[in-house]
Participant: 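The structure is given below, and queries will be raised subsequently.
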Amino acid sequence: MAANYWESSQRKYWTFSKKGLADVRRAQESEPANKQLIATYPLPERRLLNIYFHLQLAKLAKRMSVRQQALATAQVYMRRYYTKVEIRTTNPYLVLATSLYLACKMEECPQHIRIVVGEARQLWPELISSDTSKLGECEFNLISTMNSQLIVHHPYRSFIDLQTTFSLVQEEVSLAWSAINDHFLTDLPLLHPPHVVAITAVLLAVVLKPTQGNLQSHAQSLQTAMSTIAVPPSNTAPTTAQARIQKLITWLAESSVSIEAVVDCVQELISLYDVWESFNEKQCKEQITRFVKALALDK
Amino acid sequence: MAASPLNPAAASPNRQKSNGKLKALTVQPKQSEVRSDDEGDSNDDAPVNLAEKLNNEEKRKYVKGKKLGEGTYAIVYKGHLRTDPTQLFAIKKIKLNAEYKDGLSMDAIREVKFLQELSHPNIIPLHSVFSTRDQNLNLVLEFLPLGDLEVLIRDPDVNYSIADIKAWVGMLTRAVWFCHANGVLHRDIKPNNLLIAADGEVKLADFGLARAFADPQQNMTYNVITRWYRPPELFFKARHYSGAVDMWSVGTVFAELILRMPFMAGNTDIHQLELICQAIGTPLEDNWPGVSELEGYLPFDKDKITPVRTRADYMSTFPTIGSVGVELLMSMLVLDPQKRATAKEVLEHRWWAEQPRPTEKERLPRKAGGEQRMGEDLKRRGGEVEEDGRRGDKVAKKLDFSSLR
Ligand SMILES: Nc1ncnc2c1ncn2[C@@H]1O[C@H](COP(=O)(O)OP(=O)(O)OP(=O)(O)O)[C@@H](O)[C@H]1O
């Protein structure tokens with residue numbers, strides 16, 4: 001990863017407070033032209049759309065064997081782009097393909113524009129034009145909308161360090177890894193520094209370790225995890241699990257990472273898993289297709 | 001305001017001459033380009049989103065003036081703040097290749113990407129980026145009116161001392177140290193990418209070949225760094241390399257500053273490697289363990305082997321910098337990249353503390369002629385990176401220009 005997070009454009013321009021983010025979005029939504037569009041073309045809530053886009057992006061990435069890092073960057077680009085641009089004025093499939101195309105360049109694994117357009121057309125033949133200059137134009141819009149601030153810092157790097165610090169076992173590593181991947185579906189990449197997300201992932205992995213299965217089924221245990229950090233276990237003889245949690249809490253206390261930020265991350269993930277229950281791929285697809293076709297955004 | 005290239009009335013005689021040349025060489029700009037400085041004034045179509053609004057506000061802050069020069073993927077204009085015409089900038093307008101058909105070039109992407117993040121006194125500052133209605137990306141850079149190190153090295157009217165060299169190499173090394181500390185390889189360090197600010201500060205520019213340090217399993221291209229400044233491992237097609245590639249370039253720039261001509265000016269890659277063998281020594285397993293395993297390594301004829309040059313050899317080539325200076329230079333020109341000095345080690349070297357002390361930046365020698373010559377300073381030499389699409393164009397262009405001068 002290039003450059004230093006503390007001096008990064010990500011920290012300076014793309015990390016919002018909750019209120020700041022809400023304000024940016026409100027300003028966007030209250031543009032008269034957008035108000036009309038929003039009323040005419042209802043869409044599922046943002047996180048459900050994110051899940052849908054993620055599934056599409058992952059399909060495209062898989063066809064081109066794109067690295068995880070670039071896929072993550074593409075997701076953050078989409079998140080950033082749509083804070084400033086109303087989705088109903090864009091063709092999300094084009095934005096998605098372009099985000100991946102640009103992310104690949106950025107992560108030094110460039111793909112030829114024709115390959116990206118070709119693969120995207122295989123997946124969404126009705127919605128992507130074969131004209132590569134459309135993607136080129138969208139790339140320009142993306143860069144310009146993001147103010148050319150293109151380097152994205154991800155939690156993976158910090159996570160690799162933490163993984164050693166807390167000697168995570170394989171099972172915990174994959175749990176943490178999926179928490180990191182899931183955080184891209186929320187606003188967290190726009191709200192918290194990557195190392196906070198990484199430590200959150202470690203915490204979840206350590207707390208949830210005894211239970212099996214994926215994170216989605218663990219909203220309840222996550223609640224427990226939260227109360228654990230909020231109220232450290234008292235002087236009962238600690239089990240090994242508790243001892244590690246204790247180590248984490250001590251580590252947190254000594255680090256500059258704020259507990260509130262970690263709690264917030266956990267909470268965002270819990271509510272993501274709640275919302276996920278109501279995810280309906282078909283509905284997302286239909287609602288997106290509707291405005292894209294009605295407004296001729298695929299042309 | 002802008003003197004358009006078609007109307008050199010306001011220019012000095014010197015300027016007029018270069019205009020004549022430029023006019024003969026460039027395709028006549030389209031009407032829209034000639035008027036590009038008006039972009040900020042025109043009332044665009046009502047912006048539809050927040051991003052466009054912000055962009056338009058940014059764009060209106062600047063007034064684009066006359067053209068300063070042109071590179072492979074950009075045209076550079078002089079510009080100033082609308083509210084304060086004394087605040088000067090260089091506005092670098094990225095040329096989009098053929099109607100976006102191939103997307104934005106990697107050069108342009110890399111430049112924007114890294115300059116957005118790297119802020120250091122010896123790296124060219126990027127103040128802002130905005131796009132214009134004609135769909136161009138504009139980088140607002142610090143205006144650096146005093147040319148570049150190559151101009152100073154070549155200009156026989158400029159005299160400079162060891163203390164001056166010390167100041168310049170120090171500033172260059174600090175820039176490189178900062179890049180490396182932030183995980184960035186520059187990969188195109190050479191005198192004409194070292195621009196000089198109004199106060200004499202050297203600024204590393206042109207991040208079009210830069211990249212982040214690769215993960216261990218990721219390959220990198222060896223086709224980087226202009227030939228004369230390119231280290232031996234890249235001629236041997238190393239695909240995993242480090243900041244040491246830039247440090248070799250720093251060493252060759254240091255040597256060039258002392259000699260006032262390129263230290264090793266090869267005409268081809270093979271020739272360059274021969275020059276390295278002669279001037280530094282033949283790369284062999286005993287001076288560079290593992291070298292023979294590199295993909296592009298070819299065994300050398302027994303009778304053509306040059307032993308690694310000794311300090312005495314360097315003392316006779318570079319007598320003016322003294323034995324401590326020579327020791328520092330040698331540490332950057334070590335064949336084995338693992339043993340080459342890092343930027344940090346160079347900065348900690350005792351040469352800096354030794355007399356003479358580096359000249360203060362304000363008192364460094366400057367080029368004659370001032371900014372009028374900027375345009376003429378363009379395109380002076382070959383030895384460029386040749387293959388690989390975009391960079392290839394540059395060589396062609398450079399040759400065109402130089403053959404006409
Ligand atoms: N910050 C600046 N201040 C003043 N003049 C500048 C500045 N940057 C560039 N220029 C002028 O514009 C010219 C073109 O610059 P640019 O960086 O586009 O190309 P280059 O580095 O000369 O060539 P290439 O991009 O092909 O390597 C320079 O040669 C210089 O004369």
Side-chain angles (χ1 to χ4, degrees), chain A residues 1-5 7-13 24-25 27-31 33-34 37 67 69 80-81 83-86 89-90 98 101-102 105-114 116-117 131-151 153 157, chain B residues 46-55 58-59 94 96-120 126 128-132 135-140 178-185 207 210-215 217-221:
Chain A
M1 171 81 45
N4 160 354
Y5 171 77
E7 296 296 323
S8 67
S9 58
Q10 176 167 341
R11 190 172 98 96
K12 285 188 238 166
Y13 306 106
V24 175
R25 285 183 172 146
Q28 184 57 45
E29 285 159 9
S30 55
E31 291 284 335
N34 293 340
L37 285 173
R67 304 194 297 146
Q69 176 101 357
R80 289 182 177 182
Y81 184 68
T83 58
K84 289 202 186 166
V85 177
E86 165 53 42
T89 61
T90 69
T98 310
Y101 169 69
L102 181 60
K105 284 189 187 174
M106 211 52 48
E107 304 298 342
E108 295 287 347
C109 50
Q111 298 275 343
H112 198 281
I113 193 164
R114 275 198 305 273
V116 179
V117 170
D131 180 0
T132 56
S133 63
K134 289 273 181 261
L135 201 123
E137 186 179 359
C138 185
E139 179 189 31
F140 177 81
N141 287 334
L142 213 60
I143 293 176
S144 141
T145 301
M146 294 193 293
N147 249 316
S148 315
Q149 287 140 358
L150 302 175
I151 293 188
H153 294 259
R157 201 38 72 91
Chain B
V48 291
N49 66 42
L50 190 64
E52 268 177 64
K53 264 191 191 163
L54 293 174
N55 178 63
E58 202 52 43
K59 178 171 79 185
I94 310 274
L96 283 175
N97 38 24
E99 321 238 291
Y100 306 119
K101 282 218 162 13
D102 295 321
L104 208 58
S105 76
M106 271 309 260
D107 295 40
I109 296 245
R110 284 169 166 154
E111 175 122 298
V112 174
K113 166 183 177 186
F114 291 112
L115 289 185
Q116 275 287 8
E117 310 290 325
L118 298 171
S119 157
H120 183 273
L126 176 65
S128 172
V129 183
F130 62 84
S131 50
T132 40
Q135 305 274 7
N136 275 300
L137 212 53
N138 294 265
L139 316 191
V140 181
F178 187 76
C179 289
H180 293 177
N182 282 289
V184 177
L185 300 171
F207 280 68
R211 64 159 294 161
F213 287 2
D215 293 332
Q217 73 281 9
Q218 215 185 350
N219 280 340
M220 291 186 277
T221 171

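The sequence lines fix the lettering, A, B, ..., with proteins before strands; numbering per chain opens at 1. Here the structure is a predicted model, which means the values were calculated and not measured.
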Participant: Check this for me: does any side-chain nitrogen of one of Glu108(A) and Arg110(B) sit under 4.0 Å from a carboxylate oxygen of the other?
Facilitator: yes
Participant: Pick one of side chain, backbone, both or neither for Met106(A), based on which atoms fall under 4.5 Å of a heavy atom in chain B.
Facilitator: both
Participant: Donor-acceptor pair, Asn4(A) side chain versus Asn182(B) backbone, under 3.5 Å?
Facilitator: no
Participant: Contact between Glu31(A) and Lys53(B) at the side-chain level, heavy atoms closer than 4.5 Å - yes or no?
Facilitator: yes
Participant: Say you draw a straight line from CG of Leu54(B) to OG of Ser144(A); how long is it, rounded to the nearest 0.5 Å?
Facilitator: 10.5 Å
Participant: Quick check: do Ile143(A) and Ile109(B) have side-chain heavy atoms less than 4.5 Å from each other?
Facilitator: yes
Participant: Hey, what do you get for CZ (Phe140(A)) to CG (Leu137(B)), rounding to the nearest 0.5 Å?
Facilitator: 5.5 Å
Participant: Does Arg67(A) have any salt bridge (Lys or Arg N to Asp or Glu O under 4.0 Å) partners at least two apart in sequence or in another chain, and if so, which?
Facilitator: Asp215(B)
Participant: Which atoms of Tyr13(A) come close to chain B, meaning under 4.5 Å heavy atom to heavy atom: side chain ones, backbone ones, both, or neither?
Facilitator: neither
Participant: Does some side-chain heavy atom of Glu7(A) sit less than 4.5 Å from a side-chain heavy atom of Leu118(B)?
Facilitator: no
Participant: Are the side chain of Lys113(B) and the backbone N or O of Ser148(A) linked by a donor-acceptor pair below 3.5 Å?
Facilitator: no
Participant: Going by the rule side chain to side chain contact (heavy atoms under 4.5 Å, CB included), which residues pair with Ala210(B) if we only count those two or more places apart in sequence or in a different chain?
Facilitator: Phe114(B), Val184(B), Phe207(B)
Participant: Start with the C-alpha gap between Glu117(B) and Arg11(A), add the side-chain angles, then the distance that decides, and say whether salt bridge (charged side-chain N to carboxylate O under 4.0 Å, His left out) holds.
Facilitator: CA-CA 10 Å; Glu117(B) 310 290 325; Arg11(A) 190 172 98 96; over 6 Å; no
Participant: Let's test your reading of the structure: which of Leu150(A), Asn147(A), Thr98(A) forms the most heavy-atom pairs below 4.5 Å with chain B?
Facilitator: Asn147(A)
Participant: Please flag which part of Glu58(B) lies under 4.5 Å from any non-hydrogen atom of chain A: side chain, backbone, both or neither.
Facilitator: neither
Participant: When heavy-atom pairs shorter than 4.5 Å are enumerated against chain A, which of Gln218(B), Gln116(B), Met220(B) gives the highest number?
Facilitator: Gln116(B)
